[in-house]
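Report on the following structure.
Proteins come first, then strands; the chains are lettered A, B, ... in the order of their sequence lines, and each starts at number 1. FYI, side chains are in, hydrogens and waters are out, and symmetry mates aren't considered; it's all heavy atoms of this structure.
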Amino acid sequence: MVSEFMLQQTPAARVTPVWLAWIERWPTPAALASEPVGEAVRAWGRLGYPRRAQRLHAAASAIVQRFAGQVPADEADLRSLPGVGEYTAAAIASFAHARRALVLDTNVRRVLARLDGGEAFPPASISKTERTRAEAWLPDDPHAAALWAVASMELGAQVCIATGRPVCGRCPVADDCAWRAAGYPEWDGPERKAQTYAGTDRQCRGALLAVLRDADAPVPRAKVLAAWRTDAEQASRALASLLDDGLVRLDCAGDLTL
DNA sequence: CAGACGTGGTA
DNA sequence: TTACCAAGTCT
């Protein structure tokens with residue numbers, strides 16, 4: 001569950017060291033839930049999207065309170081936890097509990113779009129067609145389904161990759177691939193819009209939060225805002241949103257902490 | 001359903 | 001150097 005949270009939109013290579021330290025420090029949901037959420041945000045380091053740390057901490061608390069400290073195996077129960085969406089619930093049910101679940105991440109979606117759909121990429125948002133298609137591939141036996149889930153995801157991550165040319169020479173189903181058979185037609189769907197970052201509120205929030213993550217004591221407001229000199233108004237607004245999100249808190253002296 | 005939400009690696 | 005994007009979730 002911890003790894004799945006960390007892997008949401010974050011490459012595995014960057015997750016590994018943080019995950020190792022996290023699991024050693026907090027081996028159980030109860031261990032994590034017993035510490036302040038700010039410690040989770042700090043331990044999250046530079047993985048990005050720090051609200052995931054906040055949600056993981058909240059999920060741990062919910063597991064202690066509602067599931068006797070045990071990570072649930074049922075998808076609906078998993079979905080009731082903060083930060084656990086369609087993908088993560090299926091992944092935990094499948095990988096951790098060997099349940100039959102539709103694990104449809106960006107890798108599997110791409111594999112099926114090519115293998116079955118004959119297109120270079122899946123649509124921007126997950127469609128009914130994709131779920132139906134994926135369901136048809138999923139074996140009935142739970143253990144076989146769980147194996148299919150890891151295998152299809154890994155195939156997408158290592159072989160049927162998003163960037164550059166796929167490594168079809170190492171693909172076990174290359175001969176069955178509709179996209180390959182069609183001669184690798186270019187993606188003709190809507191432009192995949194580049195995500196901007198420089199100068200955004202996201203970058204600003206990250207800069208402010210980094211100050212608090214690296215500090216071992218509460219920091220005066222002015223000192224936090226000084227981490228974003230380019231636009232004082234933006235910094236002020238970003239800090240307000242961080243406070244609003246609960247990622248940053250005000251101590252009794254008026255200083256800021258995680 | 002589009003847009004917000006971090007960060008860093010690769011081509 | 002810019003552009004893309006990486007095991008998504010929430011609003």
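- Nucleotide C:dC10 holds its P atom 8 Å from the CZ atom of A:F5, rounded to whole Å.
- Among the protein residues, A:T200 comes within range of no part of the nucleic acid, since none of its heavy atoms lies under 4.0 Å from any strand.
- Other residues, nucleotides and ligands contribute more than 12 heavy atoms inside 6.0 Å of the CD atom of A:E135.
- One atom, CG of A:L78, and another, P of C:dG8, lie 17 Å apart when rounded to the nearest Å.
- Summarising the geometry, the separation between CG on A:D244 and P on B:dA4 is reported as 17 Å, rounded to the nearest angstrom.
- Comparing A:A162 and A:R55 by the nucleotide of DNA chain C whose heavy atom lies nearest to each, the residue mapping closer to the 5' end is A:A162.
- Between the C1' atoms of C:dA6 and B:dC5, the separation comes to 14 Å (whole Å).
- In this structure, A:I126 atom CD1 and C:dT9 atom P are separated by 10 Å, rounded to whole Å.
- Applying the ring-ring contact (aromatic ring centres under 6.0 Å, His included) rule to A:W22 yields the partners A:W26, A:W44; only residues at least two apart in sequence or on another chain are considered.
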### Query
Could you walk me through whether A:R52 and A:L47 pass the side chain to side chain contact (heavy atoms under 4.5 Å, CB included) check?
CA-CA 10 Å; A:R52 292 181 294 165; A:L47 286 182; 4.0 Å; yes

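- Taking for each of A:R79 and A:A12 the nucleotide of DNA chain C with the nearest heavy atom, the 5'-most of the two is the partner of A:A12.
- For A:I161 and C:dA7, the CD1 to P distance is 11 Å, given to the nearest whole Å.
- Taking atom CZ on A:F95 and atom P on C:dA7, their separation rounds to 12 Å, with Å as the unit.
- With respect to the salt-bridge test (charged N to carboxylate O, under 4.0 angstrom), the residues A:D245 and A:R205 qualify.
- Between A:W148 and A:W137, the two ring planes are parallel [angle under 30°; tilted spans 30° to 60°].
- Atom-to-atom distance recorded for A:L115:CG and A:C171:SG is 7.5 Å, nearest 0.5 angstrom.
- The pair A:R79-A:E86 fails the salt-bridge criterion, with no side-chain N (NZ, NE, NH1 or NH2) lying under 4.0 Å from an Asp/Glu carboxylate O.
- Per the geometry, CZ belonging to A:R109 stands 11 Å off C1' belonging to C:dG8, to the nearest Å.
- The residue A:A91 sits apart from the nucleic acid: no heavy atom pair falls under 4.0 Å.
- Between the C1' atoms of C:dC4 and B:dG6, the separation comes to 16 Å (whole Å).
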Quick one: which protein N/O atoms are closer than 3.5 Å to N/O atoms of nucleotides 1-3 of chain C? Pair and distance per line, please.
none

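- Across C:dC10 and B:dC1, the matching C1' atoms stand 12 Å from one another, rounded to whole Å.
- Look at NE2 on A:H57: it is 20 Å from P on C:dT9, rounded to the nearest Å.
- At a threshold of 4.0 angstrom between heavy atoms, the contacts of A:S3 with the nucleic acid are absent.
- The pair A:E130-A:R109 meets the salt-bridge criterion, since a charged nitrogen lies less than 4.0 angstrom from a carboxylate oxygen.
- The C1' atoms of C:dT1 and B:dG8 are separated by 15 Å, rounded to the nearest whole Å.
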### Message
I'd like to compare against my own output: the B/S/- annotation of nucleotides 6-11 of chain B with a strict under-4.0 Å heavy-atom distance to protein.
### Response
BBS---

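- Here A:W228 contributes atom CH2 and A:S236 contributes atom OG; the two are 14.0 Å apart, rounded to the nearest 0.5 Å.
- Between A:E75 and A:R100 there is no salt bridge, since no side-chain nitrogen of the basic residue lies less than 4.0 Å from a carboxylate oxygen of the acidic one.
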